[in-house]
Trainee: 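Pasting in a structure now, in structure tokens, and then I'll have a few things to ask.
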Amino acid sequence: MYLVFDVGATFIKYAWMTEDGDIIEKSKTPTPVDLEGKTFQEAIDEFVETIGGIYDVYKNQGNVDGIAMGLPGQIDVKRGIVYNGGGIRYLDKVCLQDLISKRCQDVLVALENDGKCAALAEVWKGNAKDVKDACVLVFGTGIGGGIVRNRKVIHGKHLLAGETSFILTDITREDLDKLPPGEDLMESMDVPDIVKTLPYTWTTTCSAVNMCQRIADELGLPREDVTGEKVYQWAREGQQKVIDMLEDTYFTIAKTCLSLFVILDPQIILIGGGISAEPQFVEGIVRYVNQLKRLSNVYRNIKIDTCKFLNDSNLLGALYNFKQKYKF
């Protein structure tokens with residue numbers, strides 16, 4: 001049996017799973033992110049102890065053959081080091097694999113980026129299980145995913161392969177004057193401010209969360225009141241502003257999919273994330289892809305589909321990463 005974690009900036013989801021990926025039970029606990037009065041080391045210790053406390057519960061239910069974990073940031077899978085842990089700021093340059101293994105009686109531990117876990121879930125049991133090469137895009141708070149070559153996720157020299165959130169889109173030369181020197185705006189600003197003042201990356205124009213925030217701003221509504229479900233309800237009711245903004249999002253995603261296709265030449269591009277459960281989302285992307293691919297025959301073999309797994313994808317992919325790492 002395996003203890004598998006899907007770590008986010010708000011909650012740590014975890015599951016007790018069989019080797020074949022069957023979930024016996026699952027739950028979640030708040031992610032320790034409050035740094036007030038704490039050093040980074042104290043926060044790291046609290047995080048490891050949170051994982052250790054969950055391990056203590058499950059070790060009494062049966063043998064824990066391993067701990068698998070998906071989490072934000074760039075992950076050195078071989079050495080088990082987390083860099084730039086996204087919303088979990090203290091997880092940077094942390095050898096989390098060793099820390100968790102030591103806390104949990106030297107059990108084997110494997111880490112992977114959460115978006116890449118979603119890609120691995122599709123490779124293992126999803127809609128990429130019959131192909132060798134794929135590109136998986138997961139639309140949520142950002143745009144995660146992974147590039148699959150020969151059924152393995154590529155990481156790249158700087159562990160950035162597949163970090164499609166940071167594809168530059170609308171920036172112009174004039175916008176460069178708005179960027180303060182020597183500062184990473186994406187790290188120093190809150191997400192709502194990024195949407196307003198830094199609409200230059202793919203994630204700020206097309207991620208599910210930011211799409212909802214832009215629609216909220218356009219309609220003059222509180223951002224926390226606008227969800228994907230409400231957006232599609234308004235579209236079905238015929239609200240033209242919402243329809244136009246959705247169509248712009250589909251069109252932008254379609255253009256990027258065609259670019260990824262000619263750069264990577266995957267057998268399939270899969271679209272995931274909670275918003276992909278709304279059929280119109282992927283249907284809209286495919287509609288524009290089919291129109292745009294008439295530009296050239298080089299696009300004729302592009303294939304786009306929906307990810308099979310939604311909420312449990314990171315758990316499944318984290319376990320599959322464990323199996324690959326330790327050759328189980």
Side-chain angles (χ1 to χ4, degrees), residues 10 115 118 122 126-127 135-145 164-165 167-172 175 190-261 268-295 299-300 302-313:
T10 305
E122 295 301 318
N127 291 334
C135 181
V136 179
L137 304 172
V138 181
F139 292 82
T141 304
I143 305 173
T164 54
S165 276
I167 292 174
L168 291 173
T169 53
D170 301 328
I171 194 166
T172 66
D175 292 321
D190 293 332
V191 169
D193 292 328
I194 291 172
V195 178
K196 271 187 187 175
T197 61
L198 193 66
Y200 306 137
T201 61
W202 199 29
T203 191
T204 57
T205 55
C206 290
S207 76
V209 167
N210 289 333
M211 180 187 72
C212 290
Q213 290 182 349
R214 288 187 295 107
I215 289 173
D217 290 347
E218 181 68 22
L219 299 179
L221 297 172
R223 289 176 171 177
E224 60 271 16
D225 291 347
V226 178
T227 63
E229 290 82 2
K230 286 185 178 179
V231 165
Y232 278 99
Q233 177 186 331
W234 295 331
R236 283 188 281 269
E237 291 171 353
Q239 291 200 32
Q240 196 58 48
K241 281 186 178 180
V242 174
I243 292 170
D244 288 342
M245 293 185 77
L246 283 172
E247 291 296 321
D248 287 342
T249 300
Y250 302 152
F251 184 63
T252 303
I253 294 172
K255 289 190 295 181
T256 306
C257 284
L258 288 167
S259 296
L260 291 170
F261 176 73
I268 193 167
I269 296 175
L270 295 175
I271 307 293
I275 199 166
S276 68
E278 170 54 62
Q280 291 183 42
F281 184 72
V282 177
E283 288 170 5
I285 296 167
V286 171
R287 174 163 31 89
Y288 282 115
V289 164
N290 288 337
Q291 293 178 59
L292 288 167
K293 73 181 185 180
R294 291 180 298 173
L295 289 167
Y299 300 124
R300 66 182 180 276
I302 187 172
K303 182 179 180 182
I304 294 179
D305 201 350
T306 309
C307 288
K308 180 176 180 179
F309 301 108
L310 296 173
N311 293 334
D312 295 332
S313 63

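Scope of the values below: all heavy atoms of this structure, side chains included, with no hydrogens, waters or symmetry mates.
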Trainee: Look up atom CD in Gln239 and atom CG in Leu246, then write down how far apart they are to the nearest 0.5 Å.
Mentor: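 It comes to 11.0 Å.
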
Trainee: What verdict does the side-chain contact (heavy atoms from CB on, under 4.5 Å) test give for Thr172 and Asp175, after you've listed the backbone C-alpha separation in whole Å, the side-chain angles of each residue and the deciding distance to 0.1 Å?
Mentor: CA-CA 5 Å; Thr172 66; Asp175 292 321; 3.0 Å; yes

Trainee: For the pair Asn210 and Thr205, evaluate side-chain contact (heavy atoms from CB on, under 4.5 Å) and give the outcome as yes or no after the intermediate values.
Mentor: CA-CA 7 Å; Asn210 289 333; Thr205 55; over 6 Å; no

Trainee: Please tell me whether Tyr288 and Tyr250 form a close aromatic pair, meaning their ring centres lie under 6.0 Å apart.
Mentor: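 Judged by ring-centre distance (under 6.0 Å), Tyr288 and Tyr250 do not meet the cut-off.
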
Trainee: Does a donor on one side chain sit under 3.5 Å from an acceptor on the other, for Gln213 and Asp217?
Mentor: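 There is no such pair between these side chains.
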
Trainee: Taking C-beta and beyond as the side chain, do Met245 and Thr249 meet within less than 4.5 Å on heavy atoms?
Mentor: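 Met245 vs Thr249: side chains apart.
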
Trainee: Just verifying a value: how many Å separate Ile304 CD1 and Leu258 CG, rounded to the nearest 0.5 Å?
Mentor: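 Ile304 CD1 to Leu258 CG: 6.5 Å, rounded to 0.5 Å.
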
Trainee: Please list, chain by chain and in numerical order, all residues satisfying side-chain hydrogen bond (donor to acceptor under 3.5 Å, both in side chains) with Glu283, sequence neighbours excluded.
Mentor: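 Listed in chain order: nothing, the list is empty.
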
Trainee: Using every non-hydrogen atom in the two residues, find where Val138 and Gly145 come nearest and quote the distance to one decimal.
Mentor: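 Closest pair (atom of Val138, atom of Gly145, distance): CG2-CA, 4.2 Å.
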
Trainee: Would you call Val209 and Thr141 a side-chain contact if the rule is heavy atoms closer than 4.5 Å?
Mentor: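 They are in side-chain contact.
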
Trainee: Would you say the side-chain atoms of Gln233 and Glu237 include a donor-acceptor pair closer than 3.5 Å?
Mentor: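 Indeed, the side chains of Gln233 and Glu237 share at least one donor-acceptor pair under 3.5 Å.
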
Trainee: Using the rule given for side-chain contact (heavy atoms from CB on, under 4.5 Å), can you reason through Val136 versus Ile269, listing the C-alpha separation, both sets of side-chain angles and the distance that settles it, and then say yes or no?
Mentor: CA-CA 6 Å; Val136 179; Ile269 296 175; over 6 Å; no

Trainee: When you measure from the side chain of Arg294 to the backbone of Gln291, do you find a donor-acceptor pair of N or O atoms at a distance under 3.5 Å?
Mentor: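 Confirmed, Arg294 side chain pairs with Gln291 backbone.
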
Trainee: Between Phe281 and Tyr232, does the ring centroid distance fall short of 6.0 Å?
Mentor: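 Ring centroids of Phe281 and Tyr232 are no less than 6.0 Å from each other.
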
Trainee: Could you walk me through whether Cys212 and Thr227 pass the side-chain contact (heavy atoms from CB on, under 4.5 Å) check?
Mentor: CA-CA 6 Å; Cys212 290; Thr227 63; 5.7 Å; no

Trainee: Would you compute the distance between atom CD of Gln280 and atom CD1 of Ile275 and round it to the nearest 0.5 angstrom?
Mentor: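 If we round to the nearest 0.5 Å, Gln280:CD and Ile275:CD1 are 10.5 Å apart.
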
Trainee: Please tell me if the side chains of Thr169 and Thr201 come closer than 4.5 Å, counting only heavy atoms from C-beta onward.
Mentor: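 When only atoms from C-beta onward are counted, Thr201 and Thr169 do not touch, as no gap falls below 4.5 Å.
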
Trainee: Between Ser165 and Gly142, is there a donor-acceptor pair closer than 3.5 Å when you use the side chain of the first and the backbone of the second?
Mentor: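 Looks like no, no N/O pair under 3.5 Å.
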
Trainee: Restricting to non-hydrogen atoms, name the atom on Val226 and the atom on Ala216 that form the minimum distance, rounded to 0.1 Å.
Mentor: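 That closest heavy-atom pairing would be CG2-CB, 3.4 Å.
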
Trainee: Would you compute the distance between atom CD1 of Ile215 and atom CZ of Arg223 and round it to the nearest 0.5 angstrom?
Mentor: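 CZ of Arg223 is found 12.0 Å from CD1 of Ile215.
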
Trainee: Is there a side-chain contact between Trp234 and Leu219, using heavy atoms and a 4.5 Å cut-off?
Mentor: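 Yes; the side chains approach each other to less than 4.5 Å.
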
Trainee: Contact between Phe251 and Leu292 at the side-chain level, heavy atoms closer than 4.5 Å - yes or no?
Mentor: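 When only atoms from C-beta onward are counted, Leu292 and Phe251 do touch, with a gap below 4.5 Å.
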
Trainee: Surrounding CG of Asp248 (heavy atoms of other residues, nucleotides or ligands, distance under 6.0 Å), is the total greater than 12?
Mentor: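 Yes, because the 6.0 Å sphere around CG of Asp248 holds more than 12 heavy atoms from other groups.
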
Trainee: Examine distances only and state if a side-chain atom of Lys230 and a backbone atom of Asp225 form a donor-acceptor pair shorter than 3.5 Å.
Mentor: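 Flag set: sc Lys230 to bb Asp225 pair under 3.5 Å.
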
Trainee: Can you name the residues that form a salt bridge (charged side-chain N to carboxylate O under 4.0 Å, His left out) with Lys241, not counting sequence neighbours?
Mentor: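 With neighbours one apart ignored, the set is Glu218.
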
Trainee: Looking at Phe309, is its backbone amide N or carbonyl O close enough to the side chain of Glu122 to form a donor-acceptor pair, meaning the two atoms are under 3.5 Å apart?
Mentor: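 It does hold such a pair.
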
Trainee: Apply the side-chain contact (heavy atoms from CB on, under 4.5 Å) test between Cys206 and each candidate in Leu137, Ile143, Ile167; give the one that qualifies.
Mentor: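 Single side-chain contact (heavy atoms from CB on, under 4.5 Å) partner of Cys206 among Leu137, Ile143, Ile167: Ile143.
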
Trainee: What pair of heavy atoms forms the shortest contact from Ala277 to Leu310, and how long is it?
Mentor: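 Looking at all heavy atoms of both residues, the closest pair is CB-CD1, 3.7 Å.
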
Trainee: Would you name the heavy atoms of Gly140 and Ser207 that are closest together and state the gap between them?
Mentor: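 Shortest heavy-atom contact: O-CB, 3.4 Å.
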
Trainee: Mind checking side-chain hydrogen bond (donor to acceptor under 3.5 Å, both in side chains) for Thr10 and listing every partner two or more places apart, or none if nothing turns up?
Mentor: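 By the side-chain hydrogen bond (donor to acceptor under 3.5 Å, both in side chains) rule, Thr10 matches no residue at all.
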
Trainee: To the nearest 0.5 angstrom, please state how far the CG atom of Asp305 sits from the OG atom of Ser276.
Mentor: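 Spacing of CG (Asp305) from OG (Ser276) equals 10.0 Å.
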
Trainee: Atom OG1 in Thr204, atom CE in Met211: separation rounded to 0.5 Å?
Mentor: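 Going from the OG1 atom of Thr204 to the CE atom of Met211 covers 13.5 Å.
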
